[in-house]
Amino acid sequence: MIYHIVLFRLKPGITWDSPEVRAAEELQERMGEEIPDLRAWTCGRNITDRAAAHDYAVLGLLDDEAALARYLAHPFHRRTAEAWTALSDRVLADIPARPAPPTTRFPHHPEGDSRVRTR
């Protein structure tokens, strides 16, 4: 399994009020539905104002390097990436997922027993 991680920083002069930004966000939100190789997908705006923080992030989970290659070549991914190129600077990483039990607990979660599951 591979985690695909992308962090976006809006370019100077680009704001969340821009219709182009909202359109790019809407594309990102559909990514998990449009690309079958994605086993899990989440995306969203950063909620903190720390100086080192980026504005937006995506996190995907794929089976292997072949699935990652198909995802990157998929027309919907290309369309979405092009939409963000004009609006943001990005950093990314594709890292191997370490084996974990089917249910992972996040004890720091306010509810104390939050669980994340993948397909």
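Ion pair Glu34/Arg79 not flagged as a salt bridge, since none of the NZ, NE, NH1 or NH2 atoms sits closer than 4.0 Å to an Asp/Glu carboxylate oxygen.
In this structure a side-chain-to-backbone donor-acceptor pair under 3.5 Å is present from Arg9 to Ala53. Here the side chain of His74 pairs a donor or acceptor atom with the backbone of Phe76 at under 3.5 angstrom. Panel note: side chain Ser18, backbone Ile14; no donor-acceptor pair is recorded below 3.5 Å.
Leu72 is not listed as a side-chain neighbour of Arg78, based on a closest heavy-atom distance of 4.5 Å or more. Within the 4.5 Å cutoff, no side-chain heavy atoms of Ser88 are placed close to those of Tyr56. Here the side chains of Trp16 and Leu10 are in contact, with some heavy-atom distance below 4.5 Å.
The aromatic rings of Phe8 and Trp84 lie tilted to each other, with the angle between the two planes from 30° to 60°. Classification of the Tyr71-Trp41 ring pair by plane angle, with boundaries at 30° and 60°, yields tilted.
Minimum interatomic distance between Leu87 and Glu20 (heavy atoms only, all atoms of both residues): CD1-O, 3.5 Å. Considering all non-hydrogen atoms of both residues, Gly60 and Leu38 come closest at CA-CD2, 4.2 Å. Taking each heavy atom of Asp37 and Ala67 in turn, the nearest pair found is OD1-CB, 3.7 Å.
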field: Test side-chain contact (heavy atoms from CB on, under 4.5 Å) applied to His77 and Ile35, step by step
entry: CA-CA 8 Å; His77 172 265; Ile35 302 180; 3.8 Å; yes
task: Kindly determine whether Asp55 and Arg45 satisfy salt bridge (Lys or Arg N to Asp or Glu O under 4.0 Å), including the steps that lead there.
output: CA-CA 6 Å; Asp55 297 308; Arg45 293 180 184 187; over 6 Å; no
task: I would like to know whether Met31 and Val58 meet side-chain contact (heavy atoms from CB on, under 4.5 Å); could you show each step before the answer?
output: CA-CA 10 Å; Met31 191 79 72; Val58 302; over 6 Å; no
task: Kindly determine whether Met1 and Asp63 satisfy side-chain contact (heavy atoms from CB on, under 4.5 Å), including the steps that lead there.
output: CA-CA 4 Å; Met1 300 290 262; Asp63 283 332; 3.4 Å; yes
message: Using side-chain contact (heavy atoms from CB on, under 4.5 Å), reason through Asp94 and Leu68 one step at a time and then give a plain yes or no.
response: CA-CA 9 Å; Asp94 298 305; Leu68 176 62; 3.8 Å; yes
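By the 6.0 Å contact criterion, CD on Glu65 is open, its count of non-hydrogen atoms from other residues, nucleotides or ligands being 12 or less.
Checking Thr80 against Arg30 by side-chain atom types alone, no donor-acceptor pair falls below 3.5 Å.
In this structure, Leu27 CG and Glu82 CD are separated by 10.5 Å, a value rounded to the nearest 0.5 Å. Atom CZ of residue Arg70 and atom CG of residue Asp64 lie 6.5 Å apart, to the nearest 0.5 angstrom.
Leu7 belongs to a hydrophobic cluster whose remaining members, ordered by chain and number, are Val91; membership requires side-chain heavy atoms of ILVMFWY residues under 4.5 Å apart, directly or through intermediates.
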